[in-house]
Amino acid sequence: MTFQATILTLFPEAFPGLLGHSVVGRALQNGLWALKVVNIRDYAPDKHRTVDDTPYGGGAGMVLKPEVVAAALRGTRNQELETKPYVVYLGPAGKRFTQADARRLAALQCPLVLLCGHYEGIDERVLETDVDEVLSIGDYVLSGGEVAAQVVLDATVRLLPGVLGAESSLHEESFDLIDPETKKTLVEYPHYTRPAVWEGQAVPAVLQGGNHAEIAKWRLEQARLRTAKLK
Ligand code: SAM
């Protein structure tokens, strides 16, 4: 089954954005995944195409109306998707998105729908009824969910079979690299390329020596050191 992603947004022109470039963009062109973009505003029932209203209880900003968001989600689900999708809302109050979540989403056996909020956010009731999970890309507030949706999709799509040339390289990457002793995830070791000396800085001798066991040992040590520094 081709991985199918549908974005619900008020800013459809933001897509594919970076998802149309590089590894993920090539995979899109080659049909390894499919992207559909839905304009939430197309589901506004009135002639002014109103999507938001003032918040109950007062305060600044506007809130996306539940009936508009629900119509967009349910319309997409009924008309265009054969299987019930997994619906994720991108929001700062969600679970922090990690590499493990990217792996989980890449393994989905159904379409993925990513719902992007804007303004103050989305009426909570539609999140309760129509959304399976809320994901945040970090502890800061973005203007809209579009950048977050691109982050989540980029991290997810590159894990799909065939997207990266050498799939074995995935196991060496940050957060997929496992410490053989502690079984904990590590961030990756540093990389170097030619020239062997640049601005007086030499590439570590062990990497130039060609002893694969020594190189693997050095890389594991470096990954452990870098991971420890992050904590
Ligand atoms: N009033 C909300 C709050 O304080 O939590 C912030 C709303 S924000 C200005 C507008 C939209 O950006 C949200 O509805 C959400 O879709 C998206 N967004 C903002 N920060 C995000 C984050 N860290 N991760 C994922 N989405 C985010």
Side-chain angles (χ1 to χ4, degrees), residues 3-21 24 33 35-45 48-77 81 85-108 111-159 174-175 187 230:
F3 183 86
Q4 193 180 341
T6 299
I7 313 277
L8 267 66
T9 171
L10 288 172
F11 298 91
E13 60 282 5
F15 295 92
L18 278 171
L19 300 172
H21 296 271
V24 170
W33 68 291
L35 176 66
K36 178 159 182 64
V37 184
V38 173
N39 189 346
I40 296 172
R41 202 173 287 282
D42 289 345
Y43 289 84
H48 300 294
R49 304 181 84 210
T50 310
V51 293
D52 55 0
D53 207 338
T54 52
Y56 271 109
M62 299 294 272
V63 177
L64 293 185
K65 291 161 75 62
E67 69 273 28
V68 178
V69 174
L73 279 170
R74 294 171 195 175
T76 307
R77 187 176 301 178
L81 301 176
Y86 190 70
V87 181
V88 172
Y89 167 57
L90 285 317
K95 176 197 178 293
R96 179 85 66 85
F97 179 68
T98 65
Q99 186 71 8
D101 296 312
R103 272 198 296 273
R104 183 166 55 83
L105 295 179
L108 281 178
L112 173 66
V113 169
L114 295 177
L115 172 62
C116 305
H118 226 87
Y119 316 123
E120 274 310 303
I122 296 182
D123 187 291
E124 193 65 23
R125 291 166 293 180
V126 71
L127 302 182
E128 292 287 337
T129 54
D130 286 62
V131 166
D132 296 303
E133 181 173 15
V134 184
L135 286 177
S136 164
I137 63 158
D139 291 350
Y140 39 77
V141 178
L142 300 164
S143 309
E146 289 73 19
V147 171
Q150 293 198 19
V151 167
V152 167
L153 270 183
D154 186 303
T156 300
V157 166
R158 61 197 299 285
L159 301 179
S174 297
F175 314 112
V187 293
L230 287 177

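Counting begins at 1 with the first residue of the sequence. Read the numbers this way: they start at 1 and go in the same order the structure lists the ligands and their atoms. Worth saying up front: this structure is predicted, and the values here are computed from it rather than measured.
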**Message:** For a quick check under 3.5 Å, do Tyr89 and Glu133 share a side-chain donor-acceptor pair by atom type?
**Reply:** no

Side-chain donor-acceptor pairs of residues 119-130 under 3.5 Å, sequence neighbours excluded:
unit_1: Asp123; atom_1: OD1; unit_2: Arg125; atom_2: N; d: 2.9
unit_1: Asp123; atom_1: OD1; unit_2: Arg125; atom_2: NE; d: 2.9
unit_1: Asp123; atom_1: OD2; unit_2: Arg125; atom_2: NH2; d: 2.8
unit_1: Thr129; atom_1: OG1; unit_2: Arg125; atom_2: O; d: 3.2
unit_1: Thr129; atom_1: OG1; unit_2: Val126; atom_2: O; d: 3.4
unit_1: Asp130; atom_1: OD1; unit_2: Arg74; atom_2: NH2; d: 2.7
unit_1: Asp130; atom_1: OD2; unit_2: Arg74; atom_2: NE; d: 2.7
unit_1: Asp130; atom_1: OD2; unit_2: Arg74; atom_2: NH2; d: 3.4

**Item:** Heavy-atom pair with the smallest gap, counting every atom of Val151 and Phe97
**Value:** O-CE2, 4.4 Å

**Message:** Test side-chain contact (heavy atoms from CB on, under 4.5 Å) on Ile7 and Val38; report intermediate values, then the result.
**Reply:** CA-CA 6 Å; Ile7 313 277; Val38 173; over 6 Å; no

**Item:** Partner residues of Phe11 under the ring pair (Phe, Tyr, Trp, His ring centres under 6.0 Å) criterion, sequence neighbours left out
**Value:** His118

**Request:** Tell me, please, which residues at least two apart from Asp42 pass salt bridge (Lys or Arg N to Asp or Glu O under 4.0 Å).
**Result:** Arg49

**Prompt:** Near ligand 1, which residues have a heavy atom under 4.0 Å away from one of its atoms?
**Reply:** Tyr89, Leu90, Gly91, Pro92, Gly117, His118, Tyr119, Glu120, Gly121, Leu135, Ser136, Ile137, Gly138, Tyr140, Val141, Leu142, Ser143, Gly144, Gly145, Ala148

